[in-house]
Amino acid sequence: MKYKVNEKGYYGDFGGAYIPEMLYPNVEELRQNYLKIIDDADFQKEFHQLLKDYVGRPSPLYLAKRYSERYGANIFLKREDLNHTGAHKINNTIGQILLAEKLGKKRIIAETGAGQHGVATATVCALRNLECVIYMGEVDIERQAPNVARMKMLGAKVVPASSGSKTLKDATNEAMRDWINNPVDTHYIIGSVVGPHPYPDMVAIFQSIISEETKKQLLEQTGSDQPDYVLACVGGGSNAMGMFYHFMDDENVKLIAVEAAGKGVSSGFSAATTYLGKEGVLHGSRSILMQTPDGQVVEPHSVSAGLDYPGIGPQHAHLFKTGRGQYVSITDEESLDAGLLCTKLEGIIPAIESAHALAYLEKMEFKGGENVVVCLSGRGDKDLDTYIKYFNL
Amino acid sequence: MNRIKQLFQEKKNILSIYYTAGYPNTGDTLQIAELLEQSGADILEIGFPYSDPVADGPVIQASSKQSLDQGMTLQLLFEQLKDLRKKVSIPVLLMGYVNPVLQFGVEKFCEACAEVGVDGCIVPDLPMVEYEEFYKDCFEKHNLSNVFLITPQTAEERIHKIDGLTNGFIYLLSSSATTGKNLEVGNTTEAYFSRIKNLNLKNPTMIGFGISDKQTFDKACSYANGAIIGTAFVKAIADGNLEESVSNFMKKFKD
């Protein structure tokens with residue numbers, strides 16, 4: 001339990017709930033109820049039923065043969081890309097929509113970067129017949145047009161965030177403002193392990209299904225539930241936290257979190273938070289974020305909209321600071337090349353986010369025979385435009 | 001005696017004005033303070049800008065962005081306020097978000113406030129528990145009042161806790177909203193204001209968010225010791241001659 005949240009809402013030096021008073025009643029209501037609701041047997045039954053019949057879980061743990069030959073290690077892909085809506089994001093939105101219903105909420109808001117979380121939220125709102133408003137940066141609306149169309153088809157209202165860098169960070173600000181202005185009937189489904197306590201813990205719990213399944217599948221396939229390495233990409237860090245969750249206390253399992261270096265960590269166009277960031281407060285929790293010496297949040301850059309975020313969740317900051325996790329970064333170009341390689345070797349077009357995790361395999365040295373799990377967090381359909389442009393397809 | 005305490009003992013219907021430091025021009029901060037005192041403001045709340053002001057509406061966010069783009073920093077603000085107490089005698093509070101304070105250093109921030117003669121702070125995203133555990137001693141050592149916000153949703157027990165933790169005034173939000181919305185005093189708002197009035201808190205209260213003219217100001221004063229105006233003032237000084245726009249704005253609140 002040493003990497004889990006404590007009763008004050010902290011992971012070591014990180015976490016807490018740095019929110020204006022206007023948000024206090026909402027967040028406090030959640031804090032007091034989330035564990036009670038999640039632990040309830042009826043809730044668990046309904047949650048797992050939906051994960052099975054609606055999302056399509058368990059997602060396969062696939063031993064990628066050609067990857068394994070290339071690297072001389074057993075490379076397993078955790079196929080979150082095969083989930084309904086095409087990414088891990090739906091695990092969390094299913095959980096939170098059921099929780100919002102239990103709290104009697106009538107209206108759902110969310111922020112989205114790549115649009116995956118927006119689509120996953122709009123999907124569960126359609127499923128449960130709840131009003132849905134999605135905040136999305138103007139820049140992201142442009143580069144993720146198919147996802148915008150999906151959300152609209154699902155009945156969501158997509159509101160452009162036009163402040164700041166017009167990306168995920170600004171969409172998050174706008175969603176928080178909406179919540180401040182609609183404190184009673186609205187639930188805010190945060191899509192990552194960020195935000196004030198209890199969000200990072202709640203989202204991690206819903207995403208932990210990834211590592212829960214992985215352990216069982218590894219045991220069946222390899223005879224041990226302990227791999228040598230677990231890799232995942234990190235923007236805010238929800239797929240990584242889901243992938244790491246049940247391995248955190250297995251100290252012999254190396255956890256590798258891959259951040260987006262953008263055009264290079266020193267280029268001024270990067271989202272490599274642990275490399276470039278310092279401790280501070282962003283979006284309601286104390287964590288590590290990219291900022292000026294004056295404490296102003298720096299605009300991040302990544303070719304991948306889902307990693308284009310200037311912070312990481314507080315639990316990641318804790319794993320980083322304690323050395324439990326190794327935090328590395330991959331550039332835009334390396335990730336796109338890795339996306340193409342995965343397509344050619346395994347016949348899977350990965351999301352550019354997930355391609356960051358795959359790209360790090362190229363940089364690792366294996367003795368031979370290690371078991372390596374990579375979280376393939378999403379599929380690449382939404383990124384075809386970017387792939388087309390980069391490879392002149 | 002602390003300037004804030006003294007003011008509330010001597011005066012009713014207190015008018016507090018918020019403005020963003022370094023806006024509309026970087027060098028305007030101290031001049032606006034002087035002009036506001038001359039034209040009848042009772043308290044000044046000087047906002048130090050932040051890139052991600054989630055509790056604020058579009059007007060204050062835009063002023064913050066412009067100020068930051070023009071090079072404003074907390075360090076520069078303290079330099080600009082070096083001669084504050086030679087020119088301004090009314091209470092002055094700094095208002096802003098917690099991250100710039102953390103990066104500046106809490107101890108150093110409190111020292112700098114005391115040195116230039118700032119009387120207190122409003123940091124909306126600094127939680128009460130964090131304040132109590134990590135900041136309170138430092139604030140008190142430097143004689144700074146920390147002002148907390150309460151909303152119609154704040155529970156009574158929490159209001160009493162806040163009342164015990166602060167020694168300036170309590171910032172009563174007229175509704176749960178980001179800054180810049182209009183005050184609509186309906187039955188529920190009136191009931192809330194009356195409820196707070198009847199709690200007999202030890203601290204005075206100031207109503208903020210949505211006060212934009214004499215009518216809304218007077219209404220607020222009937223329930224509290226005074227009111228705070230922010231967005232409407234920031235809008236009023238966006239362009240044109242500062243002296244004229246400040247004095248024209250303030251005339252609206254004179255009897």
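In what follows, chains are A, B, ... by sequence order, proteins preceding strands, each numbered from 1. Quantities reported herein were computed from a predicted structural model and do not represent experimental measurements.
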Atom of [X], atom of [Y] and distance for their closest heavy-atom approach:
| X | Y | answer |
| --- | --- | --- |
| B/Tyr50 | A/Leu282 | OH-CD1, 4.4 Å |
| A/Asp294 | B/Gln103 | C-CB, 4.3 Å |
| A/Ala17 | B/Pro127 | O-CG, 3.1 Å |

Run the side chain to side chain contact (heavy atoms under 4.5 Å, CB included) check on B/Gln153 and A/Glu29 step by step: do they pass? CA-CA 12 Å; B/Gln153 274 84 34; A/Glu29 181 187 24; over 6 Å; no

Sort [X] into side chain, backbone, both or neither according to what part of it lies under 4.5 angstrom from a heavy atom of chain B.
| X | result |
| --- | --- |
| A/Tyr18 | both |
| A/Pro293 | backbone |
| A/Val298 | neither |

Does atom [atom1] ([X]) have a neighbourhood of more than 12 heavy atoms from anything else shown, all under 6.0 Å?
| X | atom1 | result |
| --- | --- | --- |
| B/Lys202 | NZ | yes |
| A/Tyr10 | OH | yes |
| B/Tyr131 | OH | yes |
| B/Asp69 | CG | yes |
| B/Glu140 | CD | yes |
| A/Gln32 | CD | yes |
| B/Glu79 | CD | yes |
| A/Lys106 | NZ | no |

* Asked: Out of B/Ile162, B/Leu76, B/Thr154, which one racks up the most heavy-atom pairs below 4.5 Å with chain A?
  ->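 When all of B/Ile162, B/Leu76, B/Thr154 are compared, B/Thr154 has the most.
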
| task | Return the option, out of B/Leu102, B/Thr73, B/Val101, with the maximum number of heavy-atom pairs under 4.5 Å with chain A. | result |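 Looking at each option in turn, the highest pair count goes to B/Thr73.
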
Heavy-atom distance under 4.5 Å to chain A: side chain of [X], backbone, both or neither?
| X | result |
| --- | --- |
| B/Phe104 | neither |
| B/Val98 | side chain |
| B/Pro53 | both |

Problem - A/Gln291, A/Arg286, A/Glu279 screened by side-chain hydrogen bond (donor to acceptor under 3.5 Å, both in side chains) with B/Asn99, the one that passes - result: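 For B/Asn99, the side-chain hydrogen bond (donor to acceptor under 3.5 Å, both in side chains) test succeeds with only one of A/Gln291, A/Arg286, A/Glu279, which is A/Gln291.
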
Rounded to the nearest 0.5 Å, how far does [atom2] of [Y] lie from [atom1] of [X]?
| X | Y | atom1 | atom2 | answer |
| --- | --- | --- | --- | --- |
| B/Thr151 | A/Glu21 | OG1 | CD | 6.0 Å |
| B/Glu130 | A/Lys8 | CD | NZ | 8.5 Å |
| B/Met72 | A/Gln296 | CE | CD | 10.5 Å |

| field | Note, B/Arg158 side chain near A/Tyr24 side chain (heavy atom, < 4.5 Å) | value |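 In contact.
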
